[in-house]
Amino acid sequence: QYEEERDALYALKHTFNDPFLNDNWNGLQCYENTSFWYGIQCTNGRVTAILLESKGLSGKINADAFVLLSELVTLSFKNNSLSGNIMDFSSNPKLKDIDLSKNMFDGPISRSLLSLNLLESLQLQDNHLTGPILGFDQTSLTSFNVSNNSITGPIPGTDTLRSFSSASYSSNGPYMCDDSSNSSSGCYFSENETAGGGGSKKEPVSTIFIVFDVLGLLAGILLLFLYCKKSRQLKKLIQKYQLEEKDEDDLEMERMSNFHYNESKDESVIIPAEVNNRSVTNEEKGELIFMGDEDQAGFDLNDLLRASAEGLGKGLFGNTYKATLDGRPSVVVKRLRDIKPLSYDEFTAVVRIITDQKHPNLLPLLAYFYSNDEKLFLYRYAMNGNLFNRLHGGRGTRDRIPLRWNSRLAIARGVARAMEYLHLNPNSSKCIVPHGNLKPSNILLDGNDNVLISDYGLASLVAVPIVAQRLVAFKSPEYQHSKRISMKSDVWSYGCFLLELLTGRLSAHSAPPGINGVDLCSWVHRAVREEWTAEIFDIEISGQRSAAPGMLKLLQIAIRCCDKIPEKRPEMTEIVREIDSIKAVDSDDSDELSADQLLTDESFSANA
Ligand SMILES: Nc1ncnc2c1ncn2[C@@H]1O[C@H](COP(=O)(O)OP(=O)(O)OP(=O)(O)O)[C@@H](O)[C@H]1O
């Protein structure tokens, strides 16, 4: 089933041929309830949702694209440029929510939709659909829209379809809705409708039945024929695609085969199989090496093997899991991938450089596991998650707790101190770059909201071409021009982070794959130049008048860090000194005047 579902998704990926999905939809798609592919959701290792909205996708989706995805509950391709007929959903009995709106789908509404007894929402508006509306009579269906197509009426008069307003049917072909009509709905419904299509009320019902029976039979035979043909095509397509992907799949499967699941619990941590295998040599077997005292860590390899695991996400260096240990604080396991082929000695040399960096704002490495096939890093679990979620998560919902000025200032200070330490540390010369990947998802917050920077030192484990594609520092202006990075690239990343912290806007440089952001350095320069100062600061802090001087100062630091010319950017030590001089405010409540009102052209003239 895992492979069938993956093949179905690969076939979709092939249809879309979208550079981002081509890159992202690889390897393992689901682990328990965690998906590692963009837009995919999983439950118990099965694909239950595909959510690819407004991604600029095009292509003609095969009618049988979802035949192998039998656990699918939610499907949304809203606002893309997809074409072809509506797909066959007869193998997806669990589908509840389908949104194909704002695309270029044509042809008739698929009869397979009538068989979806759990269907709650069907959104087909803004396409090029033709033919009649079918007699949807599922009582579960509470949201329905086919407006703005070329569908012809009348609308089958089922109770379900009568329950929707004319907005669900408007802007369609003849005999559907009359905008000038004074009737309550303004749309035409046929009487005594049965599930099966929009028939004319002038014809006797029995004739309609016979005609539909015959048409149904013919359609069935045709569908069966098409299905067999398409299945063969799909198989061929998959086979062809598998050949192209073979190398990559082989690699992933090879990696996966070295692991097994600890089945003592519902959720399981992935553990290296060779650990339990007595026939392997000591060198291959691998060891869990603790950085401090193992007793102090409070767990050993056996505890880890017994732990349950929850996927936290798929990062550039591999998949990251939270392992819950019995009676002990949770730990985070990072399973490294795409790292250079390092010998044990070379690997441990890098580990030593990482562990030599000791600072209250750096996430310490607790332990590592090294075997020929598997390299794991273990860290403390940061209770309050990452800054990206804290800054952007839950906006517009009741659950959102505003992130006020004092907290933001403390975060800016904590990050600056950690970066200063990395830059001054004598070991840093041995790394490719001191950090290289400073961004909000690598800025973690412990239970007291103290900053803990993660992923430092990892850049030196990964091959340079991969690093260049992935790390934030490589997106700096100097890399674009001269293909060189330095500590000043970290300063540039720090400037981007400060702007994200001050504006609350998503940064194009650090947003997770699939999320669009703004080039904040250019955006802020423009905002200052064109005097849209009222829009610069995040709404959660812009009302804190007493904090305005501090915000302004931090903004000026950020703008200097973003200078296109690396030499003009300040050193981290200078940044720490300047940030230390910014005072927290007495009260983190909003004042009457907004900070934006204090911003003038003169405020920026010296530095912007
Ligand atoms: N020690 C930790 N405590 C809590 N959450 C963590 C910890 N380490 C990582 N995470 C979170 O787990 C998720 C995956 O982390 P990972 O480092 O693999 O990828 P990333 O930070 O999204 O990207 P990148 O690989 O570019 O750093 C992220 O949301 C990250 O913030």
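Read the numbers this way: they start at 1 and go in the same order the structure lists the ligands and their atoms.
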Check whether NZ of the Lys or CZ of the Arg Lys334 lies under 6.0 Å from the centre of the six-membered ring of Phe377 and within 45 degrees of that ring's axis.
no

N/O contact list for ligand 1, threshold under 3.5 Å:
{"unit_1": "ligand 1", "atom_1": "1 (N)", "unit_2": "Arg380", "atom_2": "O", "d": "2.8"}
{"unit_1": "ligand 1", "atom_1": "3 (N)", "unit_2": "Ala382", "atom_2": "N", "d": "2.9"}
{"unit_1": "ligand 1", "atom_1": "17 (O)", "unit_2": "Lys334", "atom_2": "NZ", "d": "2.6"}
{"unit_1": "ligand 1", "atom_1": "18 (O)", "unit_2": "Gly315", "atom_2": "N", "d": "3.3"}
{"unit_1": "ligand 1", "atom_1": "18 (O)", "unit_2": "Thr320", "atom_2": "OG1", "d": "2.5"}
{"unit_1": "ligand 1", "atom_1": "21 (O)", "unit_2": "Ser441", "atom_2": "OG", "d": "3.1"}
{"unit_1": "ligand 1", "atom_1": "21 (O)", "unit_2": "Asn442", "atom_2": "OD1", "d": "3.0"}
{"unit_1": "ligand 1", "atom_1": "25 (O)", "unit_2": "Leu316", "atom_2": "N", "d": "2.6"}
{"unit_1": "ligand 1", "atom_1": "26 (O)", "unit_2": "Asn437", "atom_2": "ND2", "d": "3.1"}
{"unit_1": "ligand 1", "atom_1": "26 (O)", "unit_2": "Lys439", "atom_2": "NZ", "d": "2.6"}
{"unit_1": "ligand 1", "atom_1": "27 (O)", "unit_2": "Asn442", "atom_2": "OD1", "d": "2.8"}
{"unit_1": "ligand 1", "atom_1": "27 (O)", "unit_2": "Asn442", "atom_2": "ND2", "d": "3.1"}
{"unit_1": "ligand 1", "atom_1": "27 (O)", "unit_2": "Asp455", "atom_2": "OD2", "d": "2.7"}
{"unit_1": "ligand 1", "atom_1": "29 (O)", "unit_2": "Asn386", "atom_2": "ND2", "d": "2.9"}
{"unit_1": "ligand 1", "atom_1": "31 (O)", "unit_2": "Asn386", "atom_2": "ND2", "d": "2.8"}
{"unit_1": "ligand 1", "atom_1": "31 (O)", "unit_2": "Ser441", "atom_2": "O", "d": "2.9"}

By disulfide (SG to SG under 2.5 Å), Cys562 pairs with (sequence neighbours left out) Cys521

If the threshold is 4.0 Å, N to carboxylate O, is there a salt bridge linking Glu578 and Lys553?
no

Before giving the answer on ring-ring contact (aromatic ring centres under 6.0 Å, His included), spell out for His14 and Tyr10 the whole-Å C-alpha distance, their side-chain angles and the decisive distance to 0.1 Å.
CA-CA 6 Å; His14 194 74; Tyr10 274 171; over 10 Å; no

Decide yes or no on salt bridge (charged side-chain N to carboxylate O under 4.0 Å, His left out) for Arg306 and Asp303, but give the supporting numbers first.
CA-CA 5 Å; Arg306 278 195 298 270; Asp303 296 322; 2.8 Å; yes

When the ring planes of Tyr370 and Tyr344 are compared, do they come out parallel, tilted or perpendicular, using 30° and 60° as the limits?
perpendicular

